Amino acid sequence: MSTYVSSEQAQSVFTELFTILLDDDDFRSTLQKSRLSLHLIQHHPDMELYVTADGVQPGRPAVPAAIRMKMSCDTAHALWAGNLLMPLAVATGRVRIKGSISKVLEFVPRLQPAFDRYSEVAASHGVAA
Amino acid sequence: MNHDHAVDGFSVATRTPLFSGSDNLPEDIDLFRAAIRDFVDEHVRPRVDDNDRAPAEDMDWELVRAGHDMGLLRLVVPTEYGGLGRGVVGVAVALEEIAAACAGTALIFGATLLGQAPLLLSGDPQLQARFLPMFAGDEPVLACNAITEDAAGCDLLIPENAVHAVGVVTARRSGDHYVLIGRKRFITNARFADFGCVYANIEGHPGATGLTAFMVPLDEPGVERGPVADKMGYRACVGSELIFHDVRVPAENVVGGEGNGMLINVQQMNMARATVAAISTGVARGAFELARTFCAEREQGGAPLYQHQFTARKLAEMTAKIDASRLLYMHAAESADNQLPAPSYEPAVAKLFADRIAIEVAQEAMSVMGARGYLRSYAMEKFVRDSFGARIYEGTPEVLALAITEALYTESDDDF
């Protein structure tokens, strides 16, 4: 059984998570400085988010984002909950990324605030640990 | 290189106008390549011959320092840590330029970048902050990637072989540390590196099924820099053994989690192979440049050699191979720069082709120079010796063939 019961639930959790990240000066300034945009594509259940320094929008962006990340919602849960390491997730293909990898490598370490807050955010939207 | 030693009035070329395969590069990469070419002309070419003839254990620190000043030891280090933040394309372009003069010198820098790659792949800000800033200091710092062992080469590269690996360096958990025991072999830069990415098998796992990547400062008690390999080519870089006598490594130095070393190494290799293909392309180009100049200056039958049909055919075949090789490695490098997991197919194809044509072009280039190609003073024989090097490291043709055919028979779900 999937961790997420609906697309709406996943949308709520990950919108809030990336909104928290955008409150982090380091994360936001990295997006601004490098003009980075992220298109997060998750499946089972399906959900898409578009993240820029200006905010988080649901759905597919009108123009291709600089970085696209694709994974299942179960993988996303394991990743953000700290049960799956990013290099392992990438190496096994559970997380697939397209876009400038040198920018991704600068951007990934700045996701730390999301790891710290994920469990709390997920629980507040009824996601089982 | 001892251009001054050339006899019979023959002078060698120092650069080539041929750069097919990179016409559409971003301007900054083009400028970067021009800067690297100047660096090669000023610092690498004048010392190629001396470094080739020096004892195997000698390292030309003046050259390393010049490369450090140029940023070659921190090409892939993110800018926030003082690096240049280049991707695989930038590294490949730089290494082809250097290898066109001296493959061994290219590998000094390439091996350091290889040792840094797991830190980048880790996405771990703590590990990165501990190890990456040292490459932007005043003094040059080398790194190494320690995987190969006496009895285990391909067994540590092919996941299906892991269970058959024998004698692998062992890591035993001891509280909040691991204790490393064993011996690595043929490790470029190990003699001088400040740290290495060391692959060891967690005790109790058969073969190398518990392979794990560790970042190991090489000044730790118990690390011994072993005997240097006296190589046929690539003599500007130093390869040696690295021996671990109960070396304690903090658990936080594990990259990618315990038992995931094979996966990390596969990623690392897939990123590195395009750059090794660039080195092979550089070797082929260096040999070709010598032959091209020779064929313009050497006359037989009242005409320069290149106007003789048989020689013209050889020159044409050589330049076609070099151009094709560059196209393949640039395509592979661009692929590796734009997706994770790093692709396996494109880099393996590029390296398979480049390694082969380096050998073919070097031998053909030597043959068109006749007796002069056989003289050390003409520098061609060094290219012939160097041309066999990349065929061995970062994946032999046999290993590459397995990676390529696996990709051929695996359905891609890369649909976004």
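Just so it is clear: chains get the letters A, B, ... in the order the sequence lines come, proteins before strands, and each one is counted from 1. Values in this document were obtained by computation on a predicted structure and should not be read as measured data.
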Give a yes or no on this: more than 12 heavy atoms of other residues, nucleotides or ligands lie within 6.0 Å of atom CD of B:Glu406.
-> no
CD1 (A:Ile101) and CG (B:Asp337) are apart, to the nearest 0.5 Å, by 7.5 Å
Would you find more than 12 non-hydrogen atoms of other residues, nucleotides or ligands less than 6.0 Å from B:Tyr81 atom OH?
-> yes
Nearest non-hydrogen partners of B:Gly256 and A:Pro87, listed with the distance | CA-CG, 3.8 Å
At their closest point, which heavy atom of B:Pro341 faces which heavy atom of A:Gly93, and how far apart are they?
-> CG-CA, 3.8 Å
Atom OG1 in A:Thr92, atom CG in B:Asn260: separation rounded to 0.5 Å?
-> 8.5 Å
Flag yes if more than 12 heavy atoms outside B:His177 fall under 6.0 Å of its NE2 atom; otherwise flag no.
-> yes
In plain terms, say whether A:Lys33 and B:Glu80 are close enough for a salt bridge, that is, a side-chain N and a carboxylate O under 4.0 Å apart.
-> no
Please step through side-chain contact (heavy atoms from CB on, under 4.5 Å) for the pair A:Met86 and B:Leu121, ending with a clear verdict.
-> CA-CA 8 Å; A:Met86 181 64 97; B:Leu121 289 168; over 6 Å; no
More than 12 heavy atoms of other residues, nucleotides or ligands under 6.0 Å from CZ of B:Arg173: is that the case?
-> yes
Please determine, among A:Val104, A:Val95, A:Val108, A:Leu88, the option with the most heavy-atom pairs under 4.5 Å with chain B.
-> A:Leu88
Would you indicate whether B:Asp28, at its atom CG, is surrounded by more than 12 heavy atoms from other residues, nucleotides or ligands within a distance under 6.0 Å?
-> yes
Between atom CG of A:Leu105 and atom CG of B:Leu119, what is the distance when rounded to the nearest 0.5 Å?
-> 11.0 Å
Pick one of side chain, backbone, both or neither for B:Gln128, based on which atoms fall under 4.5 Å of a heavy atom in chain A.
-> side chain
Would you check if A:Val90 and B:Gln267 make a side-chain contact, meaning some heavy-atom pair closer than 4.5 Å?
-> yes
A:Leu85 side, atom CG; B:Asp124 side, atom CG - distance, nearest 0.5 Å = 9.0 Å
Could you look at B:Ala342 and say if it's the side chain, the backbone, both or neither that has a heavy atom under 4.5 Å from chain A?
-> neither
Spacing of CG belonging to B:Asn338 relative to OG belonging to A:Ser102, to within rounding of 0.5 Å = 8.5 Å
